[in-house]
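Down below is the structure, laid out as structure tokens.
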Amino acid sequence: MYAMIFNFTLLRTGSTSIIALKFIDEQQNEFIVKTTLKINPTRWNTDKQRPENIYLKIYKKLNVKLDAIKIAVSNYLKEVAYKQRKFSLNVVTRLIKSPAF
């Protein structure tokens, strides 16, 4: 079974930053996958790894998308462990960049 630590981080690109999913596996391998989601760095809470105010409509939607990404990646990792398949970073990237997010 894959035990992973999930973190959302910002990749700076100017006035807006791209949100990336960073995760570490059991062997301490670190993976960073960019999402299609962007946010102003001043509106990001680094401690919570979420938007500052999740009660505003735009940030609530972003928060829901971040949760959905974590769930999708977790489900993929469970499937990999259950079916004893090889982990593929390309599949994770496709999951995160799918139109649902």
Side-chain angles (χ1 to χ4, degrees):
M1 180 90 170
Y2 279 97
M4 301 255 179
I5 299 171
F6 295 98
N7 294 311
F8 288 105
T9 60
L10 295 183
L11 303 176
R12 309 259 185 229
T13 60
S15 63
T16 59
S17 294
I18 296 172
I19 300 172
L21 174 65
K22 179 173 126 180
F23 55 99
I24 303 169
D25 67 4
E26 293 171 331
Q27 291 80 32
Q28 301 303 313
N29 297 321
E30 187 175 291
F31 304 97
I32 298 176
V33 182
K34 292 181 184 178
T35 67
T36 57
L37 306 173
K38 296 180 182 181
I39 191 169
N40 184 327
T42 60
R43 301 291 183 195
W44 183 256
N45 185 330
T46 54
D47 294 333
K48 294 180 181 177
Q49 301 171 20
R50 299 289 172 173
E52 277 287 330
N53 187 351
I54 61 167
Y55 301 106
L56 294 176
K57 187 175 183 178
I58 188 169
Y59 297 128
K60 186 172 188 125
K61 287 181 180 181
L62 180 61
N63 194 44
V64 168
K65 289 180 182 183
L66 293 174
D67 288 341
I69 287 172
K70 269 188 170 179
I71 291 168
V73 173
S74 294
N75 287 341
Y76 168 70
L77 295 173
K78 286 177 189 174
E79 181 183 328
V80 165
Y82 180 73
K83 294 184 178 179
Q84 297 178 347
R85 293 187 177 167
K86 188 175 178 186
F87 170 76
S88 171
L89 191 58
N90 289 335
V91 173
V92 173
T93 302
R94 271 189 266 131
L95 275 173
I96 290 173
K97 294 189 176 183
S98 71
F101 304 117

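Fair warning: this is a prediction, and the values are worked out from it, not measured in the lab. This chain uses plain numbering: 1 for the first residue, then up along the sequence.
Residue T93 holds its OG1 atom at 11.0 Å from NZ of K34, rounded to the nearest 0.5 Å. Note that CG of L95 and CD1 of I71 are 12.5 Å apart. Values are rounded to the nearest 0.5 Å.
Between the side chains of T9 and N7, no donor-acceptor pair of N or O atoms lies under 3.5 Å.
Checked options I19, N40, I18, T46; the residue passing with L10 is I19 (criterion: side chain to side chain contact (heavy atoms under 4.5 Å, CB included)).
One hydrophobic cluster, built from ILVMFWY side chains closer than 4.5 Å, holds both F8 and F6. Cluster membership for V80 and L89, using ILVMFWY side-chain heavy atoms within less than 4.5 angstrom, is shared. Put simply, L56 and L62 are part of the same group of oily side chains (I, L, V, M, F, W, Y) that touch within less than 4.5 Å, one to the next.
Looking at every heavy atom in both residues, T36 comes nearest to K97 through CG2-CG, 4.4 Å. Between N63 and P51, the shortest heavy-atom contact is OD1-CD, 4.4 Å. Contact record, K38 with T16: CD-OG1, 4.4 Å, taken as the closest heavy-atom pair.
E52 pairs by the side chain to side chain donor-acceptor pair (under 3.5 Å) definition with nothing, not counting sequence neighbours.
Counting heavy atoms from C-beta on, the side chains of S17 and R12 come closer than 4.5 Å. The closest side-chain heavy-atom distance from N90 to R94 is below 4.5 Å. Proximity of I5 to F23: side-chain heavy atoms (C-beta onward) are nowhere separated by under 4.5 Å. Contact check for L37 versus K65: side-chain heavy atoms found under the 4.5 Å cut-off.
Counting heavy-atom neighbours within 6.0 Å of I58 CD1, excluding the residue itself, gives a total of 12 or less.
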Legend entry - Audit row: V33, V73, side chain to side chain contact (heavy atoms under 4.5 Å, CB included) steps and yes/no: CA-CA 11 Å; V33 182; V73 173; over 6 Å; no

Legend entry - Derivation of the side chain to side chain contact (heavy atoms under 4.5 Å, CB included) call for Y76 and V91: CA-CA 9 Å; Y76 168 70; V91 173; 3.4 Å; yes

Inset, instruction - Give the intermediate values and the outcome of side chain to side chain contact (heavy atoms under 4.5 Å, CB included) for residues Y59 and I39. - result: CA-CA 9 Å; Y59 297 128; I39 191 169; 3.9 Å; yes

Inset, instruction - Show your working on side chain to side chain contact (heavy atoms under 4.5 Å, CB included) between I69 and T35 and close with a plain yes or no. - result: CA-CA 9 Å; I69 287 172; T35 67; 3.9 Å; yes

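Put simply, the side chain of E30 never gets that close to the backbone of I24: no donor and acceptor are under 3.5 Å apart.
The aromatic rings of F31 and F87 are tilted relative to each other, their planes meeting at an angle between 30° and 60°.
Through ILVMFWY side-chain contacts below 4.5 Å, Y82 is grouped with nothing and stands alone.
Note on residues 67-76: pairs passing salt bridge (charged side-chain N to carboxylate O under 4.0 Å, His left out), not counting sequence neighbours, are R50-D67.
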